[in-house]
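Any value given below was found using the heavy atoms of this structure, including those in side chains, with hydrogens, waters and symmetry copies removed.
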Amino acid sequence: MAASQKNLCAMIPVELHDRVRAAQEQAGMTLSAYITELLINYYEGGKEKMAEGMRTMAFQMSEEMFLRLKKHLERESARTGKKVSQKEFVLGLIRQALDEAEREVADNGADLGK
């Protein structure tokens, strides 16, 4: 039997609402599940359960760059016919840059005598 539940309703600024909804959609969760998870994490001291061997990386960017990124993700999602997430996009860029750097090291390693 499911735990009893109760509705929680609060007025929040439109900008915050937009951010929450975007993050909720990005997480692929219902709004109810997403808010529940946020509140549980908050009241448990922000202890998110992380998959073993995983690490979190967070960074800030300018509003202009963020809006450019959102437009790009929308275009890519339309082009490919599947939603391209921020996480998927950033991890792809990092993977590509690391692969390229490792290839250069392998190619030039003999030249450096190491």
Side-chain angles (χ1 to χ4, degrees):
M1 184 173 186
S4 62
Q5 296 193 350
K6 196 163 182 148
N7 188 33
L8 177 65
C9 184
M11 297 297 289
I12 61 174
V14 171
E15 296 80 15
L16 179 58
H17 181 274
D18 293 344
R19 288 175 58 195
V20 169
R21 291 299 295 211
Q24 170 250 322
E25 289 174 14
Q26 184 75 29
M29 302 169 77
T30 65
L31 182 59
S32 180
Y34 184 73
I35 296 298
T36 298
E37 183 175 290
L38 283 178
L39 291 171
I40 288 169
N41 287 338
Y42 176 81
Y43 283 106
E44 290 180 356
K47 296 179 240 167
E48 290 188 35
K49 293 183 175 82
M50 186 148 327
E52 192 169 325
M54 298 297 282
R55 301 292 295 259
T56 297
M57 184 172 138
F59 53 89
Q60 294 182 337
M61 66 176 65
S62 70
E63 180 73 14
E64 177 188 357
M65 183 177 283
F66 182 77
L67 293 175
R68 288 177 62 198
L69 172 61
K70 287 303 230 182
K71 281 186 176 184
H72 175 73
L73 294 176
E74 288 172 9
R75 285 190 305 267
E76 281 299 294
S77 295
R79 185 183 68 80
T80 63
K82 100 176 187 43
K83 183 165 176 58
V84 179
S85 71
Q86 290 176 35
K87 176 182 173 181
E88 181 182 13
F89 178 73
V90 171
L91 287 176
L93 291 176
I94 292 170
R95 202 172 288 113
Q96 181 181 358
L98 290 173
D99 288 348
E100 184 178 317
E102 289 166 358
R103 273 192 305 277
E104 286 181 23
V105 167
D107 292 346
N108 297 327
D111 296 342
L112 299 173
K114 295 187 178 190

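Between Leu73 and Gln86 the shortest heavy-atom distance is CD1-CG, 3.5 Å.
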Inset, instruction - Give the intermediate values and the outcome of side-chain contact (heavy atoms from CB on, under 4.5 Å) for residues Gln26 and Tyr34. - result: CA-CA 10 Å; Gln26 184 75 29; Tyr34 184 73; over 6 Å; no

Inset, instruction - Before giving the answer on side-chain contact (heavy atoms from CB on, under 4.5 Å), spell out for Arg21 and Asp18 the whole-Å C-alpha distance, their side-chain angles and the decisive distance to 0.1 Å. - result: CA-CA 5 Å; Arg21 291 299 295 211; Asp18 293 344; 5.9 Å; no

Inset, instruction - With side-chain contact (heavy atoms from CB on, under 4.5 Å) as the test, would you mind laying out the steps for Val90 and Met57 before giving the verdict? - result: CA-CA 11 Å; Val90 171; Met57 184 172 138; 5.6 Å; no

Legend entry - Working for salt bridge (Lys or Arg N to Asp or Glu O under 4.0 Å), residues Glu76 and Arg79: CA-CA 5 Å; Glu76 281 299 294; Arg79 185 183 68 80; 2.7 Å; yes

Inset, instruction - Under the side-chain contact (heavy atoms from CB on, under 4.5 Å) rule, what do Phe89 and His72 come out as? Steps first, then yes or no, please. - result: CA-CA 10 Å; Phe89 178 73; His72 175 73; 3.4 Å; yes

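Taken to the nearest 0.5 Å, the NZ atom of Lys83 stands 8.0 Å off from the CD atom of Glu74. In this structure, CG on Leu8 lies 7.0 Å from CG on Leu39, to the nearest 0.5 angstrom. Taken to the nearest 0.5 Å, the CG atom of Leu31 stands 9.0 Å off from the OG1 atom of Thr36.
Looking only at side-chain heavy atoms (C-beta outward), Glu88 and Lys82 come within less than 4.5 Å of each other. Looking at heavy atoms from C-beta onward, Gln96 lies in side-chain contact with Leu93 at the 4.5 angstrom threshold. Residues Met61 and Leu69 are in side-chain contact: their nearest non-hydrogen atoms beyond the backbone lie under 4.5 Å apart.
Leu16 and Met29 fall within a single hydrophobic cluster, where Ile, Leu, Val, Met, Phe, Trp and Tyr side chains are chained together by heavy-atom contacts under 4.5 Å. Cluster membership check: Leu67 does not share its hydrophobic cluster with Val14, using side-chain heavy-atom separations under 4.5 Å among Ile, Leu, Val, Met, Phe, Trp and Tyr. Placement of Val84 and Phe66 within a single hydrophobic cluster is found when ILVMFWY residues are connected by side-chain heavy-atom separations under 4.5 Å, directly or transitively.
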